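Chain naming here is simple, since letters A, B, ... match the order of the sequence lines and numbering starts at 1 in each. Just so you know, these numbers come straight off a predicted model, no measurement behind them.
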Amino acid sequence: MNDAAPRPRYDFAAAEPRWQAEWDRRGCFAAADVPAGNKPKYYVLEMFPYPSGKIHMGHVRNYTLGDVVARYKRARGFDVMHPMGWDAFGLPAENAARERGVHPGKWTYDNIAAMRAELKRMGLSLDWAREFATCDAAYYGKQQKLFLDMLAAGLVERKESWVNWDPVDGTVLANEQVIDGRGWRSGALVEKKKLSQWFLSITKYAEELLAGLDGLDRWPERVKLMQANWIGRSEGARLRFAMAEPVDGIADVEVFTTRPDTLFGMSFLAVAPEHPLAVAAAARDPKVAEFLAEARRMGTSEAAIEAAEKKGIDTGLLVRHPFIQGATFPVWVANFVLMEYGTGALFGCPAHDARDLEFARKYALPVLPVVLPKGADAAHFAIGAEAFTDDGTVINSDFLNGLDVVAAKRAAIARLEADGAGQGVVNWRLRDWGVSRQRYWGCPIPVIHCEACGIVPVPATELPVKLPEDVDFSRPGNPLDHHPTWKHVTCPSCGAAARRETDTFDTFVDSSWYFARFCSPGAEAPTDRKAVDHWLPVDQYIGGIEHAILHLLYSRFFSRAMTATGHLSVAEPFAGLFTQGMVLHESYRGADGRWLYPDEVDHEADGSARHRETGEAVTVGRVEAMSKSKRNTVDPGAIIERFGADTARWFILSDNPPDREMEWTESGVNGAFRFTQRLYRLAEAVAEIAPGDVPETFSPAARSLRQATHRTIAGVTEALDSFAFNVAVARIHEFANVLADAERHAAEPGMGWARREAAEVVTRLVAPMIPHLAEEMRHLLFPAGSGLVAEQDWPVADSALVAADRLTIAVQVLGKLRGTISVAPDAAESDILAAAAAEPNVARSLEGKRIVKRIYVPGRIVNFVVA
RNA sequence: GCGGGUGUGGCGGAACGGUAGACGCGGCGGACUCAAAAUCCGCUUCUGGCGACAGAGUGUCGGUUCGAGUCCGACCACCCGCACCA
């Protein structure tokens, strides 16, 4: 099967485009913005792709899963919306421009055309009329409107801040986009830089975003957990330590702590290297200045590598303790204190914090225990190598003595508040979302900087602020910034010469509301309220786990912000979320160590592999995520060409549960291909039977086939409802075996009718998964025509046929299986117990033993407990 | 370190607390064929037995139960996420 394309009986190459055209012609998958009917709505959405130019197997898996859901729900009577679009802004287009001189717009739209053609070959039940790309001015202009509305609503801020600067991409990254100290896209070590940036106030919704997770009962637990951790709520106190002597006008240092109960165990105060007090200390002490410079050089990445190494320097400054009259403590600058968290300053209590202890040991700072473990002896308790962080009784702490940790926290906060030295607060790990990017290929931020008026929004009538076409990529930096004319405008407020904002939005902004735009892609406003109120939330969203935090959190924020500005009325955009697993493949290396593509490799029967052309031995490497660098990729286009879209879809669904990683294998594809052909042959055989009325009588084999048919309906329905597509596939396989077997009884009464019923039902059951073959089979069965499978309702199982005629009851003795008996469904318990005890093998096991207990679970099992 | 998940044949995986291994892949044997491909039929957890059967078996150890892959506790391994979060 390696070289020659299979010569199939079912000619998928002719059939697939034919049915795709037919669906298109009949408008099978069109939805209305505001439907007139009263069918329940169902919005199925897969995460829209970045138009790289080619689809990959991850896309195929994602869109196949979504298509099964969409087609199934449609058959179940829902009015389904299933749109597709393009997440089309982003850096690769600019890189193409720099490397090959092609305009980012042309590059992007060419890629979209190529990918659209590939997706169409998959036979997805998409409403293509809703398609848009985020780089369409018709889309991003509406996004600018959303931004201006958020600005007016106080949900946008411009602030000077330390940012993550990606030196390779030459742009700012959000915290979420920094992974292990490196840029998420470039992989470059991220530097710290101070810049003026636009921020969306996601922190205003921290509480809501956290609380909202509880209501998302159709989201994976782990995604919710990841978001909860990211939002990072912690309760504690903020308190001010007065400087013993003010420095540069700084009179006190504010600190956040979750352990105000341990304030009496304090031995030092530590601030981040970027903290104003550290900067002030550096101005007075060259050694501190040197320490700060070193900390900056190390950046986040080096710090991560040397995570264990805690370093600090004593500034020589002192702070007063809020509770202990006259006591002062040294102020240190420490590399483990993060400016981004809390207040960028902390008080160190080494006895009860692992980090503080490590720091105190290194610099010989005092360690005073103030919490005594339960049952420990106060006279002999001391802190050794490990800090004590559990609950206990507070000691050495004046008015807190004798309290437990919880009560002591409360008492300490009460005292701080009474003294005006601090207050109880909730602190969040979540930062505001910096959205400014110094890039061309993004949505322009619609504001104007005026000397006199400051920040002036672009008037709504002047939207969209379009990207200029004539841009120069020969210089590094932001092409919008050095465009000769684009940024020079007059101030809308005072008419003076002013400067247009040249930053563009982070592309995650684009993907934070596209699902809403799909509801009314032609609307004049960003959303048509009737349409979004009808369609949102998305009933089933499907995509990769890699978006568990970034995209999904931003979208949840956007829904709230858009609701606050009157564009929507749902807080949660995605009622159901399904995260699919990655597609993996074996990797191969040639003798010279080069990675080889799967189609350069032939497998031998003994499991070894060799190079197809040279014949040299090939090392079979790990099964891992498909990646260009490992060359372990399989091109979906080539698979569809050789085997058809249905085969690709069937294999992807059959291999394993969809939330797990799946391995793409040649043998698996072959198996799927064989099965599609087999189904077609079964339908062909049945198509020879003339349709007729329901017969008077059915032979036992015919009745048994009908039972199998209806049990398969029940089984497949249950499997599809629970996303167990691999189980649905298995049920279909079983049923195909039964249907093939029925050919032996072809001449029996009722069998012809039963086989036609079986074949007709199976077309509808497989239609969500392999829609083209389903249509072809239906066409075989009804050559004169009777509508498309895509237009049929889901079959309904006849409960009388699903129920069994005879029950097989397992019989156990002391929990061990000794035999089975067959009984009538309405048999009396006493008769069943008697039959069970009489079963020869069971009888032998019971011989000479006394039965002390008889357990009968109706319809399932008998268990004799013997002495 | 913290949090979460997963451990079932050669492989992917099934299994409301009730006949473990459905279904598929691979393998073995057979039919058809001059032959091959395709197709069809059968076998395929391990051990013993010609066989009927018997014993063992779902990462390890224990517990609950008439009965545990499934529930509970401890541990081991692997995977994922977060990670100096005060």
Can you tell me how far C1' of B/rG1 sits from CG of A/Asp353, to the nearest Å? 12 Å
Heavy-atom contacts, protein to nucleotides 8-17 of chain B, under 4.0 Å, summarised as B (base), S (sugar-phosphate only) or - (none) per nt, yield ----SSS-B-
A/Arg355/A/Glu358 ion pair, N-O < 4.0 Å: no
Value in whole Å for how far the P atom of B/rA86 lies from CZ of A/Phe256: 7 Å
Verdict with supporting geometry, A/Phe673 and A/Trp650, ring pair (Phe, Tyr, Trp, His ring centres under 6.0 Å): CA-CA 8 Å; A/Phe673 179 78; A/Trp650 190 253; over 10 Å; no
Length of the line joining A/Glu386:CD and B/rG1:P, which is rounded to integer Å: 11 Å
Taking the six-membered ring for Trp, are the ring centroids of A/Phe329 and A/Phe268 within less than 6.0 Å of each other? no
Should A/Arg233 and A/Glu207 count as an ion pair when the cut-off is N to O under 4.0 Å? yes
Regarding A/Arg744, tell me which of base, sugar-phosphate or nothing describes its non-hydrogen contacts under 4.0 Å with the strands shown. sugar-phosphate
Within the 4.0 Å heavy-atom criterion, would you say A/Arg854 contacts the bases, only the backbone, or no part of the nucleic acid? nothing
Which whole-number value in Å describes the distance from A/Ile652 CD1 to B/rC25 P? 17 Å
On RNA chain B, check which nucleotide each of A/Thr258 and A/Ala740 is closest to and give me the residue with the more 5' one. A/Ala740
Output yes when A/Glu235 and A/Arg259 qualify as a salt bridge under the 4.0 Å nitrogen-oxygen rule, no when they do not. no
Length of the line joining A/Leu679:CG and B/rU39:P, which is rounded to integer Å: 13 Å
What would the secondary structure line of RNA chain B be in dot-bracket form, counting Watson-Crick and G-U wobble pairs under 3.5 Å, with [ ] for pairs that cross earlier ones and | for pairs with another strand? (((((((..(((.....[....)))((((((.......))))))((((....))))..(((((..]....))))))))))))....
Separation of the C1' atoms in B/rG55 and B/rU6, to the nearest angstrom: 30 Å
Assess the pair A/Phe723 and A/Phe725: is the distance between their ring centroids shorter than 6.0 Å? yes
Should B/rG9 be called syn or anti, with syn set as within 90° of 0? syn
Can you label the angle between the A/His551 ring and the A/His547 ring as parallel, tilted or perpendicular, going by 30° and 60°? perpendicular
Does a salt bridge link A/Lys224 with A/Glu221, judged by any charged N lying under 4.0 Å from a carboxylate O? yes
Considering only NZ, NE, NH1 and NH2 on the basic side and carboxylate oxygens on the acidic side, decide whether A/Glu684 and A/Arg9 come within less than 4.0 Å. yes
Numerically ordered, the residues 217-226 of chain A set in heavy-atom contact under 4.0 Å with RNA chain B is A/Arg222, A/Leu225, A/Met226
Want to settle it: does A/Thr665 or A/Arg259 sit nearer the 5' end of RNA chain B, counting the closest nucleotide to each? A/Thr665
Of the listed B/rG26, B/rU19, B/rA86, the closest approach to the A/Ala810 side chain comes from B/rU19
Phosphate OP1/OP2 of B/rC82: any A/Arg429 side-chain N/O under 4.0 Å: no
Can you tell me how far C1' of B/rG3 sits from CH2 of A/Trp230, to the nearest Å? 15 Å
Has A/Glu546 got more than 12 heavy atoms of other residues, nucleotides or ligands less than 6.0 Å from its CD? yes
For A/Asn737, answer base if it contacts any base atom (sugar-phosphate contacts may also be present), sugar-phosphate if it contacts only those atoms, and nothing otherwise; contact means non-hydrogen atoms under 4.0 Å. sugar-phosphate
Identify, with sequence neighbours excluded, every residue that meets ring-ring contact (aromatic ring centres under 6.0 Å, His included) alongside A/Tyr363. A/Trp332, A/Phe359
Please work out if A/Glu734 contacts a base, only the sugar-phosphate, or nothing of the nucleic acid, heavy-atom cut-off 4.0 Å. sugar-phosphate
Result block: side-chain N/O donor-acceptor pairs under 3.5 angstrom for residues 856-867 of chain A, not counting sequence neighbours:
from	atom 1	to	atom 2	distance (Å)
A/Tyr856	OH	A/Gly859	N	3.1
A/Asn863	OD1	A/Leu814	N	3.4
A/Asn863	OD1	A/Gly815	N	3.0

I'd like to know if the side chain of A/Asn632 and the backbone of A/Pro598 have a donor-acceptor N/O pair within less than 3.5 Å. no
Distance, rounded to the nearest Å, where A/Asp741 contributes CG and B/rC41 contributes P: 8 Å
So does A/Glu294 pair up with A/Lys311, basic N to acidic O under 4.0 Å? yes
Answer with base, sugar-phosphate or nothing: what part of the nucleic acid does A/Thr343 contact at a heavy-atom distance below 4.0 Å? nothing
Side-chain contact check for A/His733: nearest option of B/rG24, B/rC66, B/rA86 is B/rG24
If you restrict it to nitrogen or oxygen atoms, what contacts under 3.5 Å exist between nucleotides 51-59 of chain B and the protein, and what is each distance?
from	atom 1	to	atom 2	distance (Å)
B/rA54	OP1	A/Arg818	NH1	3.3
B/rA54	OP1	A/Asn841	ND2	3.1
B/rG55	OP1	A/Arg818	NH2	3.3
B/rG55	OP2	A/Arg818	NH1	2.9
B/rA56	OP2	A/Lys816	NZ	3.3

For A/Arg681 and B/rU39, give me the distance from atom CZ to atom P, rounded to whole Å. 6 Å
Would you check if the side chain of A/Asn841 reaches a backbone N or O of A/Arg818 as a donor-acceptor pair within less than 3.5 Å? yes
Which part of the nucleic acid does A/Val337 contact within heavy-atom distance under 4.0 Å: base, sugar-phosphate only, or nothing? base
